[in-house]
Engineer: 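Here's a structure for you.
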Amino acid sequence: EAVQRAADAQAAPDLTILSWNILAQRWADQCFAGGEYPLATAHDMLWSNRCPRIVAELLASAADVILLQEVDGAAFNELLPKLTAAGYDGLHQKGNAHPCNATFWKPRLSLVWAQHRSRTLSTILHDGLASASVAIVNCHLEGDPRASLKRVQQLQSALEGVRNAGSLQAPHASLVVAGDFNSTAEGAVAAYLSFGSVPQGTREAWGLAGSTAVPDEVSAVAAHAYQLQSVYGLDDPRAFSFAPSGRRGWHGLLDHIWYDGRHLRCVSRRQLVASEDHLDALLTMGMPSAASPSDHLPCGATLRWAGDAATAACAPACAAPTDSSPTPEHMLAEAAELLVNALPSEALRTEWVSVTTPPPPCKGKPSAEALAALAVQRTRKEDLLAQASPEARAMLLRVQSLQKEARKAASRPTAEQQRAKQQTTQAKMQKKAAAKAAEVAGWCFAPLDMAELASAAQDVVDDHWLWHRAGRQSGKTPLEPMPASATKAAGLHVTVLLRVNECGARLRAACAAAAQPATLTVSAVFVERVARITDEEVWCIGLAFASPAIRALRDAWLAALPREAWLTHCPYAGEGHASLAYVRGEYREAAERRLAPIRARLVGTAIPLPHVVFQDARHGLCEQIPLGREARSGFVRQDYRFVAILDFEKTCERDAVLSPQEIIEVPTLLLELSSEAPPLVAEFHEHVRPTRHPQLSAFCTPPAHR
């Protein structure tokens, strides 16, 4: 134990995981209307009520990895900005019209690989602090209690995808499987994860149907080679994460976290129920309710890299096939031996081979005759299995599995082919990354509120001096600050950063590093040749700035990039500049003479710099980011001039809930967002007579409203 503690002290920081089925609003509405949440109220089911509580729980957990299930597109778009503001990056499962999975991770982790399946979202995340990668499988498996085979097949498919990625393009040291399994700790999914395959006799026990045996076909699902352990296990048979009807109905543990115990170990787990009072509230009010914003409880674990994480990084969690693996010939020989023991009759063996041999692949859609032949094959195979004894049936299923594995192994590439494919894949990924970097359309700028200062320099320029690019209406920059919007616009600004791929945690950290108070100080009034215009002689009149805040921001951003990737926009001296006017070459000396008297007045002037703006007009993105370590960011999707504030009143009783409740008062205020204290522009206030409950109660009409 002392050796283990010493090793842990040298290891990377713990990795915390949180998994939660947050209940998609679509299912919440349907299930509530269908009576599946008998204890819930309409208020409990509102997304506007549930979402803030979900976000608060996620942020309070401070987990390194957050795995969510039942996340529809609208919910992901609402959750992502809130979690991004807390430093998370996220990925939403693709290719699924139904609410699906979403994975979020902190800056210490970076996404290496992802795979989107119908019920799973698999990612491989590199832990920069541990110098090791971990595969994360976020699951929401088939929900029908009788569908054990589907659940195990969905999990097997995900694990096979992760295993193949590990052997070809994304090696990983360990594995975490978590989510809503729709299966208990003693069901088929747990058996598959624990033993590598599902033993015969395994039973599924959840819901009101009681315990039922899983189909024999489940045992024939291809095995996995990971060594997995459960965070929650069977040590508390009363534990539950799902209780829609409280103590009135079935409640049990359907949400789980499993991990590969060779390089990770569990040092603590999240308590599903916070206290005895919380437990009583959940069983009394059910879920969702005031006690829980979802019909599932979040589960979580703190995992620790066992020993030296760097050593773990060199040992893959699940090795790729080697020359010692069974060959197709060995598997077919074993299948033939089992077939003889299962079916002593030569005629039956021949028929079995006939009905289990897949037809040759065909181009396009199979014909009606081919589909009919497949149906006959399937029916006859089921008849043969039904006629066999339990022992013979198990052997036949094993024969079918071995034959399938042999066909896969025969088509599997050799070790040399795998290495060549890995090199090709890496080259493609590097090329894709380079192309993506070249296509980055985001940038950062600081809007400048200095119309009076800028006009002093612009006023010296006569209109006939101005240079006009084709399609350009004026050679002068508009004097208003460049707006913080998701579309390109003109205005006074300083370019801060170029080629910013996203407004993530690294950019906000760079903005937080800006020195305070953040200001721009005019260091020069310049007239400089515009180098990017080569077909004409054009000179730019502008202001150059000195700014320790901008310098610190740029240094913090560029520090994480290789020198060859540095790209800034500083064609003139200083930490930034504002272009005010463009004049033709023959008027350059005249412009210099007119600017000379005002230079002394302008140089040294300080301009406040409260924030910068990230903009990606190609993708319609915009975020305003305050500067300084105490800054908090907020998304800016659109510029609004006015905001209307509505506060409806409805019919109510002190000790009862009216159904329906009717709106009786419509007060509305219209404010103009022109300052920090928005002035009131207009007011609308009307009362509405209710029709279902026309007599208002005394509780509904306080003295101020009478």
Side-chain angles (χ1 to χ4, degrees), residues 17-28 30 47 50-51 54-55 58 61 63-84 88-106 109-126 133-144 147 150-166 169-170 172 175-183 189 193 241 254-258 294-296 298-300 432 436 502 504 619:
I17 309 289
L18 180 82
S19 176
W20 196 5
N21 181 330
I22 63 171
L23 179 59
Q25 192 59 35
R26 180 193 307 181
W27 307 141
Q30 290 183 9
W47 178 248
R50 298 194 303 117
C51 181
I54 290 170
V55 172
L58 297 177
S61 74
D64 295 311
V65 181
I66 295 176
L67 309 174
L68 301 182
Q69 300 86 47
E70 291 198 22
V71 183
D72 57 29
F76 181 78
N77 291 336
E78 187 167 353
L79 293 172
L80 181 61
K82 295 178 173 61
L83 292 175
T84 300
Y88 288 91
D89 285 328
L91 182 67
H92 194 217
Q93 187 176 340
K94 299 177 182 177
N96 198 329
H98 297 291
C100 45
N101 304 321
T103 299
F104 301 88
W105 57 91
K106 280 190 172 179
L109 301 161
S110 58
L111 181 64
V112 177
W113 172 90
Q115 185 177 68
H116 305 255
R117 295 287 173 90
S118 63
R119 286 284 187 162
T120 59
L121 173 59
S122 302
T123 54
I124 294 179
L125 302 174
H126 182 71
S133 295
V134 58
I136 309 283
V137 180
N138 185 355
C139 305
H140 186 198
L141 304 180
E142 179 65 38
D144 186 343
K150 282 189 177 181
R151 283 190 286 273
V152 174
Q153 288 174 333
Q154 289 162 354
L155 200 51
Q156 184 275 332
S157 175
L159 294 182
E160 183 179 19
V162 169
R163 175 181 176 274
N164 291 337
Q169 63 190 83
H172 51 279
L175 169 74
V176 175
V177 183
D180 179 1
F181 289 5
N182 278 312
S183 181
V189 172
L193 292 173
S241 63
L254 299 183
D255 302 85
H256 308 269
I257 299 176
W258 288 69
S294 172
D295 55 356
H296 288 251
C299 57
K432 185 177 180 180
K436 184 177 180 181
E502 62 176 344
H619 300 98

Engineer: State, with a plain yes or no, whether a side-chain heavy atom of H172 is found less than 4.5 Å away from one of I124.
Structural biologist: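 Yes; the side chains approach each other to less than 4.5 Å.
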Engineer: Which heavy atom of F76 sits nearest to which heavy atom of A102, and what is that distance?
Structural biologist: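 Minimum heavy-atom contact is CD1-CB, 4.0 Å.
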Engineer: Who pairs with H126 by side-chain hydrogen bond (donor to acceptor under 3.5 Å, both in side chains), at least two apart in sequence or on another chain?
Structural biologist: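 So H126 forms a side-chain hydrogen bond (donor to acceptor under 3.5 Å, both in side chains) with S133.
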Engineer: Taking N182 for the side chain and D144 for the main chain, is one N or O donor matched with an acceptor at less than 3.5 Å?
Structural biologist: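 Not at all, since once roles are kept as given, no pair shorter than 3.5 Å links the two residues.
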Engineer: Are Q25 and R50 side-chain neighbours, meaning at least one heavy-atom pair lies under 4.5 Å?
Structural biologist: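 Touching, per the 4.5 Å side-chain cut-off.
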Engineer: Can you name the ring-ring contact (aromatic ring centres under 6.0 Å, His included) partners of H140, sequence neighbours left out?
Structural biologist: none
Engineer: May I ask you to check whether N21 and E70 show a side-chain donor-acceptor distance below 3.5 Å?
Structural biologist: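 Their side chains do contain a donor-acceptor pair, which is all the 3.5 Å distance test asks for.
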Engineer: Applying side-chain hydrogen bond (donor to acceptor under 3.5 Å, both in side chains), can you list everything that pairs with W27, at least two apart in sequence or on another chain?
Structural biologist: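 With neighbours one apart ignored, the set is empty.
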Engineer: Less than 4.5 Å apart, side chain to side chain, heavy atoms only: is that true for W105 and I136?
Structural biologist: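 W105 vs I136: side chains apart.
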Engineer: Test of understanding: with salt bridge (charged side-chain N to carboxylate O under 4.0 Å, His left out), list the residues that count as partners of E160, not counting sequence neighbours.
Structural biologist: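 Partners of E160 under the salt bridge (charged side-chain N to carboxylate O under 4.0 Å, His left out) test: K408.
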Engineer: Suppose we screen for salt bridge (charged side-chain N to carboxylate O under 4.0 Å, His left out). Which residues come up paired with D295, at least two apart in sequence or across chains?
Structural biologist: none
Engineer: Return the set of residues passing side-chain hydrogen bond (donor to acceptor under 3.5 Å, both in side chains) with Q30 (not counting sequence neighbours), or none when no residue passes.
Structural biologist: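 None.
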Engineer: Within the 3.5 Å criterion, strictly below it, is a donor on N101 or Q93 matched to an acceptor on the partner's side chain?
Structural biologist: yes
Engineer: For the backbone of L91 and the side chain of T103, can you confirm whether one donor and one acceptor N or O come within less than 3.5 Å of each other?
Structural biologist: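 Side chain of T103 to backbone of L91, a donor-acceptor pair under 3.5 Å: no, none is there.
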Engineer: Does S19 use its side chain to pair, donor to acceptor, with the backbone of A178 at less than 3.5 Å?
Structural biologist: no
Engineer: Please check if the side chain of S157 supplies one atom and the backbone of Q153 the other of a donor-acceptor pair under 3.5 Å.
Structural biologist: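 No: the side chain of S157 does not pair with the backbone of Q153.
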